[in-house]
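Before any comments, here is the structure.
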Amino acid sequence: SERMSRTIDELLELSRIEMGGEMLSAPVDLNDVIAEAIDRALPLASRQGVAIAFEKSIDESTINGDHFQLVSAVSNLVDNAVKYSDEGGLVTVSLATVDGSVELQVADQGIGIPMASLDRIFERFYRVDRARSRGTGGTGLGLSIVRHVVTNHGGEVNVRSREGEGSTFILRFPSIHGSK
């Protein structure tokens, strides 16, 4: 089935990322990563009637890393944000520099994440609501991939969410220039 093959693809991607093998480290412009992730999500977004906005930072947005892994992580977040948004909702991706770090945020106005689940959502296969995730076709691997990618890049990932009001995922990476 299509879902099975997607799960297998994601598992392969996750194991490749977890091994940290073959990770490239080259200057990557996060503007390009975000543009690619949004491109991937647009067909889904237009089907669901969800808009995606990119608030571009004029600051330095280049980090050292692996373009493929970063696109994979940001795509997962943008896809999730779209899936959990209601029709007419807005997903906002933004980029800023904060204290020698580059901060990438993906925010939605969707259903939000229950308090009790917040610290578990990055675990493999963890799903907040099984009935709902069947409807959206998630494998439960996406956030695990996100966390590993961020860790591989020496960064950290945080989430702020309120049930019924939406969620914001914050990825923070060391800037290529370090602290100024």
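For the single chain, residues carry numbers from 1 onward in sequence order. Heavy atoms only: backbone and side chains are in, while hydrogens, waters and symmetry mates are out.
- Evaluation of the salt bridge (Lys or Arg N to Asp or Glu O under 4.0 Å) test over residues 23-33, restricted to residues two or more places apart or in two chains, returns none.
- With sequence neighbours excluded, the residues forming a salt bridge (charged side-chain N to carboxylate O under 4.0 Å, His left out) with Glu156 are Arg172, listed by chain and number.
- Panel note: side chain Ser85, backbone Gly110; no donor-acceptor pair is recorded below 3.5 Å.
- One finds the CZ atom of Arg160 at 4.0 Å from the CD1 atom of Ile170 (value rounded to the nearest 0.5 Å).
- In this view, Val28 and Val33, His67, Leu70 satisfy the side chain to side chain contact (heavy atoms under 4.5 Å, CB included) rule, not counting sequence neighbours.
- Nearest heavy atom pair, residue Ala45 against residue Val82, reads CA-CG1, 3.7 Å.
- No continuous path of ILVMFWY side-chain contacts below 4.5 Å connects Leu90 to Ile34, so the two sit in separate hydrophobic clusters.
- Between Asn76 and Val74 the shortest side-chain heavy-atom distance does not fall below 4.5 Å.
- In this view, Leu42 and Ile38, Asp39, Ile52 satisfy the side chain to side chain contact (heavy atoms under 4.5 Å, CB included) rule, not counting sequence neighbours.
- Minimum interatomic distance between Ser161 and Gly166 (heavy atoms only, all atoms of both residues): OG-O, 3.1 Å.
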Checklist entry - Given Thr168 and Val159, is the side-chain contact (heavy atoms from CB on, under 4.5 Å) satisfied, shown in steps? => result CA-CA 6 Å; Thr168 302; Val159 59; over 6 Å; no
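- No option in Val146, Leu143, Val91 other than Leu143 meets the side chain to side chain contact (heavy atoms under 4.5 Å, CB included) test with Asn80.
- Here CD1 of Ile63 is found 4.5 Å from CZ of Phe173. Values are rounded to the nearest 0.5 Å.
- Grouping the Ile, Leu, Val, Met, Phe, Trp and Tyr side chains by contacts below 4.5 angstrom, directly or via other members, places Phe54 with Val50.
- Looking at heavy atoms from C-beta onward, Asn31 lies in side-chain contact with Leu95 at the 4.5 angstrom threshold.
- Atom CG of Asp108 and atom CG of Asp86 lie 9.5 Å apart (nearest 0.5 Å).
- Partners of Glu165 under the side chain to side chain contact (heavy atoms under 4.5 Å, CB included) rule, at least two apart in sequence or in another chain, are Arg162.
- With rounding to the nearest 0.5 Å, the separation of OG in Ser25 from CG in Asp66 is 8.0 Å.
- In this view, Pro27 and Thr62, Asn64, Ile176 satisfy the side chain to side chain contact (heavy atoms under 4.5 Å, CB included) rule, not counting sequence neighbours.
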Checklist entry - Do Leu171 and Glu103 pass the side-chain contact (heavy atoms from CB on, under 4.5 Å) test, and can you show the C-alpha distance, the side-chain angles, and the key distance before you say yes or no? => result CA-CA 6 Å; Leu171 308 186; Glu103 201 171 86; over 6 Å; no
Checklist entry - So Gln105 and Glu55, side-chain contact (heavy atoms from CB on, under 4.5 Å) or not? Walk me through it. => result CA-CA 10 Å; Gln105 296 198 9; Glu55 294 176 359; over 6 Å; no
Item to check | Full working for side-chain contact (heavy atoms from CB on, under 4.5 Å) between Leu104 and Ser94 | outcome: CA-CA 6 Å; Leu104 189 161; Ser94 58; over 6 Å; no
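- Here the CD1 atom belonging to Ile111 is positioned 8.0 Å from the CD atom belonging to Glu163, to the nearest 0.5 angstrom.
- Within the 3.5 Å criterion, the main-chain N or O of Val71 finds a donor-acceptor partner in the side chain of Ser75.
- With rounding to the nearest 0.5 angstrom, the CG atom of Leu44 is 6.0 Å from the CG atom of Asp79.
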